[in-house]
There are 2 protein chains.
Amino acid sequence: MKRARLNPEQVVQAACDMADAEGLEATTLSALARALGIQPPSLYRHIDSYGALIAAIAARGLEDLRERLSSAAAGRSGPTAVHAVADAYRAYAHEHPGRYAATTAFGTIRGHDAYGTAGQAILDVLSATLREWDLDDPARIDAIRGLRAALHGFVSLERSHGFAMDQSVDGSFTALVNALIAGLDAGGGPA
Amino acid sequence: MKRARLNPEQVVQAACDMADAEGLEATTLSALARALGIQPPSLYRHIDSYGALIAAIAARGLEDLRERLSSAAAGRSGPTAVHAVADAYRAYAHEHPGRYAATTAFGTIRGHDAYGTAGQAILDVLSATLREWDLDDPARIDAIRGLRAALHGFVSLERSHGFAMDQSVDGSFTALVNALIAGLDAGGGPA
DNA sequence: CGGGGAAAGCTAATGACATTAGCTTTTTGC
DNA sequence: GCAAAAAGCTAATGTCATTAGCTTTCCCCG
């Protein structure tokens with residue numbers, strides 16, 4: 001019988017993979033221990049708590065996501081950049097549903113701040129994506145919040161079968177991003 | 001010692017109140033039984049399961065929400081109607097965070113369809129709100145999906161302290177709704 | 001080469017949870 | 001007033017996360 005000899009890195013990696021494959025809710029300490037060939041209490045040699053594990057998955061998700069968004073934004077500007085970033089955001093959420101879900105599992109994460117800076121980095125990328133509109137600060141923050149809310153809301157509803165009609169979801173997403181871009185062009189602040 | 005003599009209606013009502021006051025995660029069968037002065041297994045005389053209870057909370061939340069949106073939309077049209085409905089949506093989520101959270105707790109709800117029709121009713125209200133734009137059917141569904149995604153995403157991030165900067169969140173919400181309206185006016189479908 | 005300490009595993013136990021089975025009490029309808 | 005249904009109860013099970021305390025394994029240093 002082979003001893004595992006694990007380290008925190010491997011544990012988090014396995015948890016990320018399990019979350020993507022089986023769902024975040026199925027990623028329990030028991031299931032993770034089973035998958036790793038050890039007993040549940042042994043996991044505490046590598047992680048502080050269940051909440052800390054979910055926070056670690058979330059942190060990794062945010063880092064990966066930031067990288068994808070950066071790549072999508074590189075060498076693009078204006079509407080093209082916004083579409084590229086939006087598509088990259090949605091693609092990441094689909095490819096790594098567990099990591100993405102952890103990112104938004106605020107309930108279990110509260111207090112574990114491992115992912116605070118990673119979240120800020122995402123906002124920086126979004127901000128850079130909007131550079132061409134040259135927004136001054138109240139409007140800039142409004143735009144970032146709106147973009148993030150729209151992306152998160154769409155992906156969240158989509159991931160949970162929130163869109164019943166069998167019309168193309170891709171098209172609806174493109175239309176939403178176009179609407180936000182139209183809003184940026186219109187530029188009118190709060191009436 | 002007073003016997004409770006409960007019925008399903010009262011149990012769901014108490015669960016809704018507890019969810020709003022203590023949070024949906026704190027609304028366990030044990031805590032609910034404690035609050036009602038009975039033992040946990042006795043709850044099964046009134047509900048089928050924990051999942052069914054959450055689904056019942058969600059159904060009530062959707063019904064209440066539909067009513068609020070209907071009221072907000074009545075006698076209004078165009079951008080005014082959209083703003084009124086959006087504000088009503090956000091206000092409901094703030095006033096009844098537990099019910100609203102249940103509405104989007106797709107994981108525990110899956111399979112309990114008590115809330116299916118209520119969800120459809122919400123979409124009907126949103127559709128009516130957009131009447132003035134006279135959208136034909138692919139664009140109409142895109143607009144509804146986009147509006148719902150934006151509202152849900154914003155409220156969801158807001159509820160979980162997703163907006164760090166201390167700039168006014170009200171203003172950001174108004175700006176987002178304005179952007180969506182600008183998108184409706186621009187009307188361009190997917191490029 | 002050998003020993004000692006740290007790292008990483010283990011078993012056993014606890015307390016919260018949902019859930020089932022089966023019993024008792026209360027209410028209600030005739 | 002009585003019988004049956006409705007609504008409560010206790011006891012037990014299985015799944016969680018988590019803690020305490022023990023043992024094994026590895027690695028470094030003398």
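Values below: all heavy atoms of this structure, side chains included; hydrogens, waters and symmetry mates excluded. Computed from a predicted model, the values in this text were never measured in an experiment. All chains are named by letter (A, B, ...) in the order of the sequence lines, taking the proteins before the strands, and each is independently numbered beginning at 1.
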Ranking dT19(D), dG9(C), dG8(D) by distance to the side chain of Leu6(A), first place goes to dG9(C)

Polar side-chain atom of Arg148(A) near backbone of Gly162(B) as donor-acceptor pair, under 3.5 Å: yes

Below 30° counts as parallel, above 60° as perpendicular, anything between as tilted: where do the rings of Phe154(A) and Phe163(A) land? tilted

Which heavy atom of Ala105(B) sits nearest to which heavy atom of Ile54(B), and what is that distance? CB-CG2, 4.5 Å

Under 4.0 angstrom, heavy atoms only, what part of the nucleic acid is Ser30(B) near: base, sugar-phosphate, or nothing? sugar-phosphate

Not counting sequence neighbours, list each pair that qualifies as a side chain to side chain donor-acceptor pair (under 3.5 Å) and has a residue in residues 121-131 of chain A. Gln120(A)-Asp124(A), Ser127(A)-Arg140(A)

Separation of Ile54(A) atom CD1 from dT18(D) atom P, in whole Å? 10 Å

Using 30° and 60° as the class boundaries, would you call the ring planes of Tyr100(A) and His152(A) parallel, tilted or perpendicular? tilted

Write down the distance between CD1 (Ile38(A)) and C1' (dA8(C)), rounded to a whole number of angstrom. 9 Å

Mind calculating the distance between CG (Leu43(B)) and P (dC17(C)) to the nearest angstrom? 13 Å

Integer-rounded Å distance: dT10(D) P and Tyr44(B) OH: 16 Å

What integer distance in Å separates Leu29(B):CG from dT20(C):P? 11 Å

Within less than 4.0 Å of OP1 or OP2 of dC17(C), is there a side-chain N or O belonging to Arg34(B)? yes

Under the ring-ring contact (aromatic ring centres under 6.0 Å, His included) test, which residues partner Tyr50(B), sequence neighbours left out? none

Select one nucleotide: of dT19(D), dG21(D), dA7(C), the one nearest the side-chain heavy atoms of Arg5(A). dA7(C)

Does OP1 or OP2 of dG8(D) have a side-chain N or O of His46(B) closer than 4.0 Å? yes

Glu9(B) bridged to Arg60(B) by N-O distance under 4.0 Å: yes

Any idea which of dT18(D), dA18(C), dG21(D) is nearest the Arg45(A) side chain? dG21(D)

Distance, rounded to the nearest Å, where Ile47(A) contributes CD1 and dT19(D) contributes C1': 14 Å

Per nearest nucleotide of DNA chain D, the residue lying toward the 5' end, Ala31(A) or Gln39(B), is Gln39(B)

Distance, rounded to the nearest Å, where Leu53(B) contributes CG and dC17(C) contributes P: 14 Å

Tell me which nucleotide among dA8(C), dT19(D), dT19(C) gets nearest to the side chain of Pro41(A). dT19(D)

Answer yes or no: does a side-chain N or O of Tyr50(A) lie under 4.0 Å from OP1 or OP2 of dA17(D)? no

Can you list, by residue number, the residues of residues 15-28 of chain B that have a non-hydrogen atom closer than 4.0 angstrom to DNA chain C? Thr28(B)

